[in-house]
Chemist: 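So that we are looking at the same thing, I have put the structure below in structure tokens.
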Number of protein chains: 2
Amino acid sequence: MAAERVDGAPTDRLGFLLAWRGEATSARIRGALGVTGLHPRHAMTLMHLGTGPVSQRALSDMLEVDPSQLVAILNELESDGLAERRRDPADRRRHIVEITEAGTAALRKVDSALNEAERELFAAFSERDLASLRTMLDWVDVASVQHECSED
Amino acid sequence: MAAERVDGAPTDRLGFLLAWRGEATSARIRGALGVTGLHPRHAMTLMHLGTGPVSQRALSDMLEVDPSQLVAILNELESDGLAERRRDPADRRRHIVEITEAGTAALRKVDSALNEAERELFAAFSERDLASLRTMLDWVDVASVQHECSED
DNA sequence: TATTGTTATACTCTATAACTATA
DNA sequence: TATAGTTATAGAGTATAACAATA
């Protein structure tokens, strides 16, 4: 009964470091999206719409939000003239969602805000460092994320 | 009026990759903390208490939760016999919070669950890779995180 | 008057189920 | 019957302000 030390504080754990830097990066990105005048979720939606028209179902899969949440997001985008819904003639249950010209203009602002944010976040990195970080992040075994919290 | 491409989808952005891997890592850690039978926030609290007794104010700073939220956390830890509050004789406004023996035993389980989680997350990494990742994560300019979201 | 811990309240997110209209 | 979108409701989480005790 020797080893098996209890760390006590969550210091020096690479997992925590990665989680914290990820959260900080996420906050920086949300900030960049926010200062474009769009709520981050609307900016994210526009980013996906930027690749072309999609059904709400496909869009909710891309955004990883429930279809019922997407309704509100699209209502707001539509009332701001940034996106449009129209029925799919081939299957009248479906809505085809498309970005508008105003939406594309907003998306351009989002895009340059993100470029600026990433320049700041990774200012200390050489091109080679950037590639190296990307590679390593791909190694992290995210597949092992299946557990969820139980109760107290 | 040439360049300035609009990406459209949030692919290929290192910032998003870091944010996503961080969130996945965070979820994996929460899962590991959760399967010990503790809510992640209680486990985190025990980890900080593991370094020694502290006031609630200091503890809420460490955990980055509002003092009013900490009250509930400590009520639950205390009713489970994992931590104890006592008045500070030197300043009777203060509560000194201390981990119990049962709390220390729970903390040991938390600690080994975290070790296991990190082994899985970073299974593909050599010792040198691990050091390299840690170094690079320290380069990320988290200081530039000051912005917050505006409204739609 | 300022600080520590506590209580109460409100607001944002998210998860879920029920409903409609189409297929 | 099953699917796409919508609506309504409830829950968790969080942020805030007011309060009592003490300094």
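Proteins come first, then strands; the chains are lettered A, B, ... in the order of their sequence lines, and each starts at number 1. Hydrogens, waters and symmetry mates play no part in the numbers below; they use all other heavy atoms, side chains included. Just so we're clear, the structure is a prediction, and the values are computed from it rather than from any experiment.
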Chemist: Report the distance from atom CZ of A:Arg30 to atom C1' of C:dC13, rounded to the nearest whole Å.
Modeler: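 Rounding to the nearest Å, CZ of A:Arg30 and C1' of C:dC13 are 13 Å apart.
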
Chemist: Any donor-acceptor pair under 3.5 Å linking the side chain of A:Gln56 with the backbone of A:His95?
Modeler: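 Answer holds: no.
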
Chemist: Should the pair B:Asp138-A:Arg21 be classified as a salt bridge under the 4.0 Å nitrogen-to-oxygen rule?
Modeler: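 So B:Asp138 pairs with A:Arg21 through a salt bridge.
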
Chemist: If you find the nucleotide of DNA chain C closest to A:Arg41 and the one closest to A:Asp88, which residue's nucleotide is nearer the 5' end?
Modeler: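 It is A:Arg41 whose nearest nucleotide is closer to the 5' end.
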
Chemist: What string of B, S and - do you get for nucleotides 1-8 of chain C 5' to 3' if you count protein non-hydrogen atoms under 4.0 Å?
Modeler: -BBSSBB-

Chemist: Rounding to an integer number of Å, can you tell me how far B:Glu23 CD sits from C:dC13 P?
Modeler: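 Nearest whole value for this atom pair: 16 Å.
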
Chemist: So, using ring-ring contact (aromatic ring centres under 6.0 Å, His included) as the criterion, who are the partners of A:Phe16 when residues are at least two apart?
Modeler: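 So A:Phe16 forms a ring-ring contact (aromatic ring centres under 6.0 Å, His included) with A:Trp20.
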
Chemist: Above 12 or not: heavy atoms from other molecules or residues under 6.0 Å from CZ of B:Arg92?
Modeler: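 Counting other residues, nucleotides and ligands, CZ of B:Arg92 stays at 12 neighbours or fewer.
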
Chemist: Are the side chain of B:Thr100 and the backbone of B:Gly81 linked by a donor-acceptor contact shorter than 3.5 Å?
Modeler: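 At least one qualifying donor-acceptor pair exists.
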
Chemist: Rounded to whole angstrom units, what separation is found between the CG atom of A:Leu63 and the C1' atom of C:dT14?
Modeler: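 For the pair A:Leu63 CG and C:dT14 C1', the rounded distance is 15 Å.
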
Chemist: Just how far, in rounded Å, is C1' of D:dT3 from CZ of A:Arg92?
Modeler: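 Rounding to the nearest Å, CZ of A:Arg92 and C1' of D:dT3 are 15 Å apart.
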
Chemist: Give the rounded distance in Å between these two atoms: CD of A:Glu64 and P of C:dC13.
Modeler: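 These atoms are roughly 18 Å apart.
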
Chemist: Near A:Glu78 CD, under 6.0 Å, is it more than 12 heavy atoms from other residues, nucleotides or ligands?
Modeler: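 Counting neighbours around CD of A:Glu78, more than 12 heavy atoms of other residues, nucleotides or ligands fall under 6.0 Å, so yes.
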
Chemist: Would you mind reading off the distance between A:Leu59 atom CG and D:dT6 atom C1', rounded to a whole angstrom?
Modeler: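 Going from CG in A:Leu59 over to C1' in D:dT6 covers 15 Å.
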
